[in-house]
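Atom set for the values below is all heavy atoms of this structure, side chains included, hydrogens, waters and symmetry mates excluded. Per chain, numbering begins at 1; letters A, B, ... match sequence-line order.
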Amino acid sequence: MTTPYNFPQDTYASEIHERFADLDAGGETGVVVAVAGRVMLLRAQGKLAFGTLVDSSGDIQLFALSAVTADFEEFTKLHLGDWVGVTGEVVRTKKGELSVKVASWQVLAEARHNFGDKWAGISDFDLRYRHREADLWANPESRQSLARRSAVIRSLREQLWERRFIEVETPILNAIPSGAAARPFVTHHNAFDVDFSLRIAPELWLKRLVVGGFERIFEIGRVFRNEGVSPRHNPEFTMIELYVAYWDVYDMMRLTEEVCAGVATSVLGTTTFEYQGRPLNFSAPWARRSMSDLVSEAVGEEITVHSDRARMATLLTDRGVEVQASWGTGRLLMELFEVTCEADLWDPIFVTDFPLEVSPLARRHREDDLLTERFEVYCAGRELANGFTELNDPDDQRARFEDQARLKAAGEDETMEIDEDYIKALEWGLPPTAGLGIGVDRLAMLIADAPNIREIIAFPTLKPLREG
RNA sequence: GCGCCGAUAGCUCAAUUGGCAGAGCAUUUGACUCUUAAUCAACAGGUUCCGGGUUCAAGUCCCGGUCGGCGCACCA
């Protein structure tokens, strides 16, 4: 079948509804429009036919008559899902349905597969994710989820632009993956004959740009972590990281709650909304609690990084966690937090004062040597963001990397590698700086009320089907 | 990677205790000048995810595998 190379569409379904809302049943307008979309319903009835044309804005009825419509017989044989371009007058039928009275029409593209049951659509997860294009068309809520994701990212950019941030890009191919504790994907560069890792975080590169003089920067980009999938984890996901010179973690907390609340306002028009049937309040300011406060409350006794290690280990063992010999009180505190608190945190909250032991890139707390000026935001029982006053002392940074190396030697799987280039960058002078990372997919999940991260990723990572 | 659950027509789903594999929609054919998930009539549509096994008989029971969902782990 030869199909046209273009079609002079001049309006959308929703525009027709807005413009001719007042037209009476049986009324004519004399206005000829050219609309395009897919035919999703078709009711042929002898010498009349009614179709429902769906475009990106909504739907409009097509009203075809054998006396008026070119190639009427063929029109009645259109398949559901076919793209058509239609030209005709806007009328309202006797029964009151606003319609385009089809004068001429053409198939723009055939649909050789159907879009599922016209009532139930497509619900099989495997089919939906492997052929997302069909899911997106068949299930408007899928399209809405992705549209909301897009609106979230747009809002983030706009709010940062308003605050004089500039957007930058840093390498995805890295000789040394760093900036987080995670296993990387490894790939190979042929010309250099060397292996590169896909980035697990852009963090170190971004701070090097601050050293270079960019005082307010952000990057929105894909990061890759070689780990399992879950309703909240995709091996490649989108992260926004931003850095502000001269700020500390407390300045960054204010920005975090403002920007996230701003996203909710611009996408949903409110900072109070429902996530999975439960009210969620994004209104700033957000609660702030130290990790040790939360843990102490949960276990019913005072626990801090200065607590007795054996006691903390016992508390963890009682809760079924296998305690490693290499863990200090900092790691134990965080493990306790994860076991006793994380899942119960619903409205966004800054969990502050992270142990130094688990925060190799964050600056030492000004009031406690075993803590850092680091927070993580938890919301709906999961981590949403991570921020801190950046460690800008090259000597301390070297010592932290060396601690990581010791952990690796002690058998820890995921630790940071010593990055000499990064230490050298710090030696050129990183001003006091605060940094923030937000999991964009997770933020989008909350805003789009998506139960599963795959819903807000256009093409989530799937296991390929094996041959045979 | 481990555990639980699932996979039946293009789509959405049925199928009693192990007893001839079905419906609606879509497709095909026909009727119909105001339909709204149009209606009516008819035809067609199956490697019951794949491979073994038990049985007179397997969609159903058993074993192995594939993919997916959820939980755990890994990870944030």
Side-chain angles (χ1 to χ4, degrees), chain A residues 25-26 39-53 59-69 72 76-82 91-99 101 111-131 134-135 137-139 179-184 200-201 223-237 239 320-322 334 337-339 342-343 351 354 358 376-379 381-386 412-414 437-439 441-442 451-455 460-468:
Chain A
V39 179
M40 293 312 291
L41 296 170
L42 191 60
R43 302 172 288 278
Q45 187 183 309
K47 295 192 170 63
L48 291 183
F50 303 88
T52 301
L53 182 82
D59 56 69
I60 183 75
Q61 178 165 272
L62 302 177
F63 178 29
L65 303 86
S66 64
V68 173
T69 302
F72 176 81
T76 65
K77 293 182 175 118
L78 281 168
H79 285 174
L80 301 191
D82 284 346
V91 300
R92 196 178 287 279
T93 59
K94 288 181 203 165
K95 292 291 176 68
E97 187 72 29
L98 193 65
S99 309
K101 190 160 77 177
R112 294 190 185 178
H113 306 287
N114 70 30
F115 285 96
D117 186 274
K118 68 184 174 186
W119 192 240
I122 298 173
S123 56
D124 180 73
F125 282 105
D126 212 30
L127 180 58
R128 287 186 55 223
Y129 293 141
R130 286 189 196 281
H131 285 286
D135 168 52
W137 184 273
N139 300 314
R183 274 177 295 182
I200 55 177
V223 298
F224 307 84
R225 298 188 182 178
N226 206 335
E227 59 198 35
V229 300
S230 87
R232 290 163 297 281
H233 300 264
N234 197 63
E236 54 178 300
F237 61 100
M239 169 150 248
V321 178
E322 197 178 325
M334 193 178 75
F337 168 77
E338 288 178 355
V339 173
E342 178 171 355
V351 178
F354 267 59
V358 296
E376 284 188 345
V377 173
Y378 286 83
C379 182
R382 63 191 75 141
E383 185 197 340
L384 181 62
N386 178 19
E412 283 287 324
D413 250 12
E414 281 116 27
I438 302 175
D441 311 86
R442 291 197 176 167
N452 189 309
I453 198 170
R454 292 188 265 290
E455 292 295 330
T461 306
L462 294 176
K463 198 163 178 175
L465 296 174
R466 265 196 218 178
E467 293 275 330

For nucleotides 70-74 of chain B, list the nitrogen or oxygen atoms of the protein found under 3.5 Å from its nitrogen or oxygen atoms, one pair per line.
residue: B:rC70; atom: OP1; partner: A:Asn452; partner atom: ND2; Å: 2.6
residue: B:rC70; atom: OP2; partner: A:Arg454; partner atom: NH2; Å: 3.0
residue: B:rC74; atom: O3'; partner: A:Glu414; partner atom: OE1; Å: 3.1
residue: B:rC74; atom: O2'; partner: A:Arg183; partner atom: NH2; Å: 2.4
residue: B:rC74; atom: O2; partner: A:Gly228; partner atom: N; Å: 3.1

Between [N] atom [atom2] and [X] atom [atom1], what is the distance in whole Å?
{"X": "A:Phe50", "N": "B:rU33", "atom1": "CZ", "atom2": "C1'", "answer": "8 Å"}
{"X": "A:Met40", "N": "B:rA37", "atom1": "CE", "atom2": "P", "answer": "14 Å"}
{"X": "A:Arg112", "N": "B:rA26", "atom1": "CZ", "atom2": "C1'", "answer": "17 Å"}
{"X": "A:Leu80", "N": "B:rU27", "atom1": "CG", "atom2": "P", "answer": "5 Å"}
{"X": "A:Arg43", "N": "B:rA38", "atom1": "CZ", "atom2": "P", "answer": "5 Å"}
{"X": "A:Glu97", "N": "B:rA37", "atom1": "CD", "atom2": "C1'", "answer": "13 Å"}
{"X": "A:Lys77", "N": "B:rA31", "atom1": "NZ", "atom2": "C1'", "answer": "14 Å"}

Take the angle between the ring planes of A:Phe63 and A:Phe50 and call it parallel below 30°, perpendicular above 60°, tilted in between.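 A:Phe63 and A:Phe50: parallel rings.
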Per A:Asp126 side chain, nearest of listed nucleotides B:rC34, B:rG68, B:rU28: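 Output: B:rG68.
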Would you say A:Trp119 stacks on B:rA37, if stacking means ring centres under 5.5 Å apart and planes within less than 30 degrees?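 A:Trp119 vs B:rA37: stacking yes.
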Most 5' of A:Lys47 and A:Ala181 on RNA chain B, judged by nearest nucleotide: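 Looking at the nearest nucleotide for each, A:Lys47 comes out on the 5' side.
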Go nucleotide by nucleotide along RNA chain B from the 5' end; which of A:Gly46 and A:Leu42 gets its closest nucleotide reached first?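 Nearer the 5' end of the strand: A:Gly46.
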On a whole-Å scale, what distance lies between the [atom1] atoms belonging to [N] and [M]?
{"N": "B:rG64", "M": "B:rU16", "atom1": "C1'", "result": "30 Å"}
{"N": "B:rG19", "M": "B:rC62", "atom1": "P", "result": "15 Å"}
{"N": "B:rU66", "M": "B:rA57", "atom1": "P", "result": "29 Å"}
{"N": "B:rA26", "M": "B:rA37", "atom1": "C1'", "result": "12 Å"}
{"N": "B:rC5", "M": "B:rA23", "atom1": "C1'", "result": "26 Å"}

Pairing annotation in dot-bracket form, given for RNA chain B with Watson-Crick or G-U pairs under 3.5 Å and | for cross-strand partners: (((((((..((((.....[..))))..((((.......))))......(((((..]....))))))))))))....
Taking only N/O atoms, report every protein-nucleotides 10-13 of chain B pair under 3.5 Å with atom names and distance.
residue: B:rG10; atom: N3; partner: A:Asn114; partner atom: ND2; Å: 3.1
residue: B:rC11; atom: O2'; partner: A:Asp117; partner atom: N; Å: 2.6
residue: B:rC11; atom: O2'; partner: A:Gly121; partner atom: O; Å: 2.7
residue: B:rU12; atom: OP1; partner: A:Ser123; partner atom: N; Å: 3.0
residue: B:rU12; atom: OP1; partner: A:Asp124; partner atom: N; Å: 3.0
residue: B:rU12; atom: O3'; partner: A:Ser123; partner atom: OG; Å: 3.4

Polar pairs (N or O, both sides) under 3.5 Å between protein and nucleotides 64-66 of chain B?
none

Can you name the residues that form a salt bridge (charged side-chain N to carboxylate O under 4.0 Å, His left out) with A:Lys47, not counting sequence neighbours?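 In terms of salt bridge (charged side-chain N to carboxylate O under 4.0 Å, His left out), with neighbours along the sequence ignored, A:Lys47 is linked to no residue.
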For A:Asp124, what residues pass the salt bridge (charged side-chain N to carboxylate O under 4.0 Å, His left out) criterion, not counting sequence neighbours?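 For A:Asp124, no residue satisfies salt bridge (charged side-chain N to carboxylate O under 4.0 Å, His left out) once neighbours in sequence are set aside.
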Any side-chain N or O of A:Gln61 under 4.0 Å from OP1/OP2 of B:rU36?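 For B:rU36, OP1/OP2 do not have a side-chain N/O of A:Gln61 under 4.0 Å.
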